[in-house]
Each structure stands twice: as C-alpha cells, then as structure tokens.
Chemist: 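The structure under discussion is supplied below as structure tokens; questions concerning it will follow.
These figures come from a predicted structure and were not determined experimentally. Numbered from 1 within each chain, the chains take letters A, B, ... in sequence-line order.
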Amino acid sequence: MSTISLTMPDGAKRVVAAGTTGLDVAKAISPSLAKRTVAMTLDGALCDLSEPIAADAAIKFIARTDPEALELIRHDAAHVCAEAVQQLWPGTQVTIGPVIENGFFYDFAKAEPFQPEDLAKIEKRMAEIIAKNASFTKQVWSRDKAKDYFRAKGEAFKVELVDAIPAGEDVKIYAQGEWLDLCRGPHMTSTGSIGKAYKLTRFSGSYWRGDAKGAQLQRIYGVAFAKEEELAAHLKQQEEAEKRDHRKLGREMDFFHFQEEGPGVVFWHALGWTTFQLLISYMRRRLAEDYQEVQGPQLLDKSLWETSGHWGWYSDNMFAVKSATAFNNPDDDAAEQRVFALKPMNCPGHVQIFKHGLKSYRDLPLRLAEFGCVHRYEASGALHGLMRVRGFTQDDAHVFCTEEQLESECLKINDLMMSVYEDFGFKEVVVKLATRPEKRVGTDAMWDHAEDILRKVLVKMAAESGGRIKTGINEGEGTFYGPKFEYTLRDAIGREWQCGTTQVDFNLPERFGAFYIAADSSKKQPVMVHRAICGSLERFFGILLENCAGHLPLWLAPRQVVVATIVSDADAYALQVVKQLKAAGLRAVVDLRNEKINYKVREHSEAKVPIMLVVGRREAEDGKVAMRRLGSQDNVVMGLSEAIAGLRDEAVPPDLRRVYVS
RNA sequence: GCUGCAGUAGCUCAGUGGUAGAGCACUUCAUUGGUAAUGAAGAGGUCGGGGGUUCAAUCCCCCCCUGCAGCACCA
C-alpha cells in the first residue's frame with residue numbers, strides 16, 4: 001500500500017497510508033484532538049474530516065472555534081434549518097441555502113407563506129435536531145439515482161440542480177440522520193457542533209436563481225456564530241444600526257419628511273435643507289479650481305433620449321410627460337402631443353452644451369459640473385428613505401478630453417474623491433473596476449481599450465494612495481456604455497456604501513456627433529468621463545447622518561449653537577450673545593422660553609444641537625457663557641469672546657481650514 | 001414590480017361589529033428654576049382611500065394607495 005506524507009501546521013511530517021481519513025489521523029495523534037476537531041483543511045482547502053486523503057498535503061485540524069469553522073457552522077445551520085422546515089411543513093421543497101455575511105439563508109418552495117411566529121417554531125425544531133447530534137455523512141450518487149430520488153420526493157428544484165452539475169463531477173449528498181440534501185459540502189462531523197449561537201432573523205420572498213421571472217420562493221434568513229457572545233454582539237450592532245436609521249433621525253431632527261402624495265421624493269425642512277446646502281457649498285468650493293458649473297434643462301424631448309440610448313435602455317425607469325392639455329385630450333391632434341422626458345441623467349444635456357460652439361483641442365479637458373436634479377422611476381419596492389428616491393440631486397460632472405488625457409483625468413478625479421471623502425470623515429475606501437456587462441453598446445475593441453486604460457489607472461491610484469485605497473474588479477458590472485470605477489466607503493459601524501463613480505464613455509460623444517478640432521485641423525471625437533463623488537446628495541446626506549448617528553460635525557450642523565437662559569433676567573444678555581454669534585457667522589438661535597434649564601438641555605440634546613450656551617444671572621453679570629457640548633455631561637464657563645472665537649474656528653469647513661493654514 | 005407584514009392625534013402606540021383612548025408634543029394659566037422632562041387645565045382624529053357585507057364597519061370581505069423587511073432593479 002502506498003503512503004503519503006502530511007505536513008502539520010508546526011511543520012512536523014506524518015506518514016500515513018494513502019486513503020487514511022482525517023479523523024483517523026487525528027485519532028492517531030490524540031483522542032482529545034479527534035474529539036474537538038470538526039473539519040480539516042488540506043493545502044488550505046476546507047474538507048470533511050471523513051475525507052480519505054489521497055496525496056501529500058499540508059493538513060490542519062479545525063476546531064469549531066477556529067475562524068475556518070465559521071462558514072461550516074453557518075452552512076450546517078442552513079441544512080438543519082431546511083430539515084426543520086421540512087419536518088414542520090411536509091411537502092415543502094428545498095432549493096438552495098448558502099452562507100452569507102454573518103449567517104445563511106435557505107430558499108423554500110412552499111404554498112403557504114411563512115408567518116412571523118414560524119421563525120420561533122423553526123428555531124425550536126432546529127434546537128431539537130442539533131441536540132440529536134446526528135453525524136453528517138457524505139455519499140456520492142450517480143446522476144440518475146439522484147434525479148430519481150429527488151423526483152420521487154417531488155423536489156423539482158433539486159432535480160434541476162442535479163442537472164446543472166457539470167458532467168464528470170460527483171453528485172454529492174450529505175445526510176444528517178434521516179434527512180439528506182444535495183450539497184457540495186464540506187460539513188462538520190455532526191449537527192451538534194453548530195452550537196447554540198444562531199438565530200433566525202427574518203423571512204422574505206425571493207426568486208429561483210435570482211431571476212424575477214423565475215419561481216417565487218420564500219427565504220428564511222439566519223445568523224450564526226461560534227460563540228453566543230458573538231451572536232449577542234451582532235444583534236447589538238443591528239440594534240445600533242436601527243437607532244441611527246436616517247429616516248428616524250430625519251424626523252426627530254426636523255430635517256425632512258415624506259408623504260403619500262410624493263412617493264420617493266423628499267420634503268426638505270429648513271434645518272435639513274441648511275445642511276443639504278452646506279454640502280453643495282462645500283462641493284462647489286472643491287470644484288471651483290477645475291470645473292465650470294452649468295445647468296441643463298429638466299425636460300427634454302423624447303427624441304434626445306432616444307439618441308443618447310437612455311430611452312432604449314431605461315425607458316421603463318423614466319418619467320415621460322406631456323402638457324396637461326395633451327394629457328386631458330389624448331385624441332385631440334390640435335393639442336401638442338409631444339412627449340418629453342424628465343431627465344434621469346445630466347450627460348445628454350452636457351453634451352449639448354459641449355456641442356454648442358466649435359471646440360478646439362485647446363479647450364480640453366473641458367469639465368462641466370452640475371448639481372442636477374434628476375428623476376428616475378424606481379420600482380416601488382426599491383424606495384428607501386433618502387437612500388433610494390425618485391428625485392435626487394447629483395454632484396455630477398462630465399469631463400470632455402482627448403484619449404491621451406484620459407489617464408491623468410481619472411487620476412485627478414481620484415485625488416478629488418479621496419480628499420472629499422477624507423473631509424467627510426471616511427478613511428477607508430475601496431475602488432473597484434467594473435468591466436463590460438453582457439448587454440452593452442460599442443465594439444469589443446473599444447471595450448478592450450477602455451478597460452486596459454482603467455486597469456493601469458487602478459494600479460497607479462492604489463500605489464499613490466499610501467494604502468488608503470484597496471482595489472478590486474467587479475466583472476460584468478460596468479455600464480452599458482463603458483467601464484467604470486466604483487468607490488465604496490466604510491462607515492462608523494462597518495457598513496459599506498458605494499458612492500463615487502468614474503465612468504469612461506466612448507459612446508455618447510459618438511451618438512451625439514460631438515467633436516473638437518485637433519491640432520492638425522481634423523475633427524476628432526472627445527472621450528467623455530462621467531463622474532460623481534457623493535453620487536446622490538440625498539443618499540450621501542443619509543449616509544452622513546447615519547455615520548455620525550445624527551451628531552453632525554459643527555461645520556455641517558444646521559443649528560450650531562442654542563443660547564438657553566436659566567432665568568428671564570438673562571434674556572437681554574442672551575439676545576446679545578446670539579447677536580454676536582451670528583455676527584461671527586455661526587448659526588445660532590436663542591431659547592428664552594419659560595422652562596427650566598433641565599427641560600431646555602434635554603430638548604436641545606435630543607435635537608442634537610452640538611453646542612449649548614447656558615446663561616443665567618451669573619453669566620449675564622460677568623459677560624460669560626456656560627458651554628455644554630452635545631454628548632457631554634459637563635459644562636465649561638468661559639468668557640463670551642473666547643467662546644465665540646473658539647466656535648468660529650471650530651466651525652471652519654475642512655477645505656477652508658486647509659486654505660487658511662497653508 | 002414580486003413575497004410577506006402594516007397604516008388609529010404631530011410622534012410612539014393601545015383598543016372595540018354600536019361613529020375612539022394613553023404618553024409625549026401643542027395651547028392657556030401658575031411657576032424664574034443652574035445643565036436630559038415643574039404643575040394644572042384645554043384643544044386635537046370622516047381610525048390611509050374607495051367599494052361591499054350588516055340595522056350598524058375604525059373593526060369582517062374585495063380593490064387601490066402608502067410604508068416596512070427582503071427579493072429583483074440601481075444608467
């Protein structure tokens with residue numbers, strides 16, 4: 001019999017007979033090792049412990065508390081969840097149940113919808129299955145046997161999955177006690193290793209193979225961890241995310257509201273609008289050096305959108321309008337029946353501006369920026385507070401340049417992006433290159449060319465960032481007209497938000513026949529780069545609000561200071577204080593109400609006003625203020641002018657601070 | 001758009017086949033108080049909209065709208 005050599009994590013070698021299982025090896029080393037081992041890795045790849053080892057390999061035994069075991073715990077939990085559901089509702093078909101971030105889901109085909117109370121029932125049944133601690137055993141079946149078996153059980157989806165397994169690949173079945181499932185594995189040794197740190201979190205609809213035209217399935221989501229403390233920490237973080245929900249904060253802070261008549265469009269209140277405008281002012285300052293700000297029309301004839309390709313590609317998601325006269329008299333030819341589209345993007349407008357008047361190569365790169373309000377008819381189920389709306393403002397720009405300028409323009413945009421994100425407090429940024437999608441316009445040669453340039457740029461950006469930028473590739477995620485960079489930020493509680501985008505477009509200039517006069521007097525087509533830094537300003541506002549849990553930095557707080565009196569004798573002084581704060585450019589209001597200071601402190605704290613200046617008789621007499629910062633229990637008494645100077649300095653936006661300092 | 005759940009006062013929520021209730025917020029009065037709710041009184045709702053069943057619907061049924069959680073989508 002041949003032998004093989006296994007290398008242990010500490011480098012020690014062990015020679016065993018070929019075909020020895022991982023479990024045998026572990027047992028030979030020590031019974032306690034065998035007992036606590038749930039799986040192994042061979043050359044880094046996770047395997048069943050019962051797997052016969054065929055060749056030399058580096059072996060590592062995995063305990064359930066090892067990081068490698070986490071995906072097994074989650075995957076095993078998904079199987080147990082499926083068994084529990086089939087026990088409780090016989091006739092339910094199983095489909096797939098993969099591991100996802102923090103847990104797993106399992107999709108079922110079941111006639112009756114799950115009800116909220118079902119989650120607890122399933123959890124209970126799962127606990128019973130886990131308590132039985134049945135072994136996971138792998139079997140390899142023939143394709144025909146698997147298909148016959150699942151067909152006989154009425155598992156049509158599993159039959160389809162068996163069919164989809166490439167010829168020559170094993171059809172693997174994992175059994176846990178009486179129950180079995182088609183699965184590529186691996187699994188832990190038995191269900192008991194799943195432990196107790198799991199919880200079913202919700203259920204929802206889903207589609208077979210993720211296709212909206214496919215069968216409607218029902219999905220159960222669960223989270224699972226090795227330790228109960230980790231589960232508790234995860235649930236706590238979910239709670240934290242709920243607390244900073246921008247929809248809740250927006251209402252509490254009187255920033256904005258939505259109402260039935262305007263699904264997906266924002267009613268901005270005075271305070272929210274103040275901060276929104278501060279965002280725009282900031283972006284304007286950042287653009288001043290290199291960009292020209294323009295404003296394209298809100299409505300343009302349908303034909304223009306046909307030319308741009310948007311109508312063909314996205315008319316399902318566009319608003320089209322006619323005059324009300326035409327709308328009320330659809331059969332009356334005398335009423336102008338012309339159809340306009342509410343702009344879903346600014347780019348066609350910018351191309352028109354570019355085309356107006358002959359452009360020379362000397363004009364390039366021409367960078368046109370716009371805080372354009374666009375409308376998109378988003379699916380009703382997609383709407384979500386400020387994060388997904390039907391009318392929103394983009395910090396949009398289009399750079400018209402020569403092909404030679406493309407690389408430097410992308411790098412320049414990247415510098416601006418990174419600087420802006422830093423100013424808003426986002427340190428970690430991931431930039432991914434999204435490549436050609438299946439449905440697209442333009443030749444393969446054009447795509448090859450554009451992607452080549454961006455690949456090079458991506459490497460350079462990462463190299464020049466000093467580690468701040470991590471990169472990746474999103475295959476097939478580009479837009480229909482060109483490849484793009486996607487900028488993703490990580491927020492204070494670890495969530496990721498895709499915000500910025502740089503998109504290369506050889507298509508639109510061609511469709512609109514845009515050209516410039518080159519140095520040799522020939523007509524040349526410019527390359528167009530679409531870019532947005534915040535993306536949707538509404539959404540970015542929501543992200544900022546959630547990132548800081550409503551505690552906006554002083555420069556973005558709509559109401560920076562409240563001057564609150566303790567007694568009415570201090571009213572005149574308080575008014576003086578506010579007057580001086582305003583004169584110093586601070587956004588301040590006074591609270592003279594006949595309320596106790598406790599009441600005022602509580603109310604303004606809940607409204608998340610960053611600074612409260614409390615004044616009573618003592619302060620009025622001494623020309624002082626008692627400063628209380630949001631989130632602090634203490635107050636500091638200081639001279640009025642000192643307070644104002646300090647606040648004025650603190651309220652300087654980060655970009656202006658750089659200018660003053662340098 | 002799809003699946004499920006929900007819609008009662010500005011907010012958070014209770015409630016019933018016989019046309020509604022709490023707390024906070026609001027208004028008024030008293031109170032001038034030292035850093036997260038002073039007390040009292042008052043006002044406030046065609047119970048999301050439209051149909052139907054019923055002697056009677058906020059409650060039961062149907063349709064629609066809107067929202068929530070996912071899915072799908074995101075130029």
Chemist: Determine the minimum heavy-atom distance between A:D591 and A:H604, stating which atoms define it.
Modeler: OD2-NE2, 2.7 Å
Chemist: With a 6.0 Å cut-off on the ring centroids, do A:F255 and A:F541 count as close?
Modeler: yes
Chemist: I'd like to know if A:R209 reaches the base of B:A72 with its side chain such that a donor and an acceptor end up less than 3.5 angstrom apart.
Modeler: no
Chemist: Of all the choices, B:U35, B:A72, B:G34, which nucleotide is nearest to the side chain of A:A379 once you look at every atom?
Modeler: B:A72
Chemist: Within the structure shown, what part of the strands sits under 4.0 Å from A:A626 by heavy-atom distance: base, sugar-phosphate, or nothing?
Modeler: base
Chemist: When you measure only distances, ignoring hydrogens and angles, does the side chain of A:R376 come within 3.5 Å of the base of B:C74 through a donor and an acceptor?
Modeler: no
Chemist: Is there a side-chain contact between A:L217 and A:T95 (heavy atoms, below 4.5 Å)?
Modeler: yes
Chemist: Each nucleotide N or O in nucleotides 65-69 of chain B that has a protein N or O under 3.5 Å away: list the pair and distance.
Modeler:
from	atom 1	to	atom 2	distance (Å)
B:C68	OP1	A:R247	NH1	2.9
B:A69	OP1	A:R247	NH2	2.9
B:A69	OP2	A:R247	NH1	3.4
B:A69	OP2	A:H384	ND1	3.3

Chemist: For A:R219, answer base if it contacts any base atom (sugar-phosphate contacts may also be present), sugar-phosphate if it contacts only those atoms, and nothing otherwise; contact means non-hydrogen atoms under 4.0 Å.
Modeler: sugar-phosphate
Chemist: Which value, in whole Å, describes the distance between the P atoms of nucleotides B:G52 and B:C73?
Modeler: 42 Å
Chemist: With respect to the side chain of A:E619, which nucleotide from B:A75, B:G34, B:C5 is positioned closest?
Modeler: B:G34
Chemist: Before accepting this row, confirm whether a basic side-chain N of the pair A:E240/A:R244 lies closer than 4.0 Å to the acidic partner's carboxylate O.
Modeler: yes
Chemist: Keeping the roles fixed (side chain from A:T565, backbone from A:S568), state whether a donor-acceptor pair exists under 3.5 Å.
Modeler: no
Chemist: Determine, for A:K432 against A:E477, whether the closest basic-nitrogen to carboxylate-oxygen distance falls under 4.0 angstrom.
Modeler: no
Chemist: So among A:T502, A:V430, A:I533, A:T501, which one has a side-chain contact (heavy atoms from CB on, under 4.5 Å) with A:Y487?
Modeler: A:T502
Chemist: Between A:T393 and A:E538, does any side-chain donor sit less than 3.5 Å from a side-chain acceptor?
Modeler: yes
Chemist: Taking only Lys NZ, Arg NE, NH1 and NH2, and the carboxylate oxygens of Asp or Glu, determine whether A:D448 and A:R436 approach each other closer than 4.0 Å.
Modeler: yes
Chemist: Return the 5'-most residue of the pair A:S605, A:S206 with respect to RNA chain B, ranking by each residue's nearest nucleotide.
Modeler: A:S605
Chemist: To the nearest 0.5 Å, tell me how far A:F203 CZ sits from A:K110 NZ.
Modeler: 9.5 Å
Chemist: Please determine whether a side-chain nitrogen or oxygen atom of A:N598 lies at a distance below 4.0 Å from atom OP1 or OP2 of B:A36.
Modeler: yes
Chemist: Here's a test of your reading of the structure: between A:D569 and A:D211, which maps to the more 5' nucleotide of RNA chain B?
Modeler: A:D569
Chemist: Regarding A:G210, tell me which of base, sugar-phosphate or nothing describes its non-hydrogen contacts under 4.0 Å with the strands shown.
Modeler: sugar-phosphate
Chemist: Look at the side chain of A:Y377 against the base of B:G1 and say whether a donor-acceptor pair falls under 3.5 Å; ignore hydrogens and angles.
Modeler: no
Chemist: Going by centres under 5.5 angstrom and planes under 30 degrees, do the aromatic ring of A:Y599 and the base ring of B:A37 stack?
Modeler: no
Chemist: Check this one for me: any side-chain N or O of A:R388 less than 4.0 Å away from OP1 or OP2 of B:C73?
Modeler: no
Chemist: A:Q115 side chain: which of B:A75, B:G4, B:G34 is closest?
Modeler: B:G4
Chemist: Paired stems touching RNA chain B, three or more consecutive Watson-Crick or G-U pairs with both distances under 3.5 Å?
Modeler: B:1-7 with B:65-71, B:10-13 with B:21-24, B:26-30 with B:38-42, B:48-52 with B:60-64
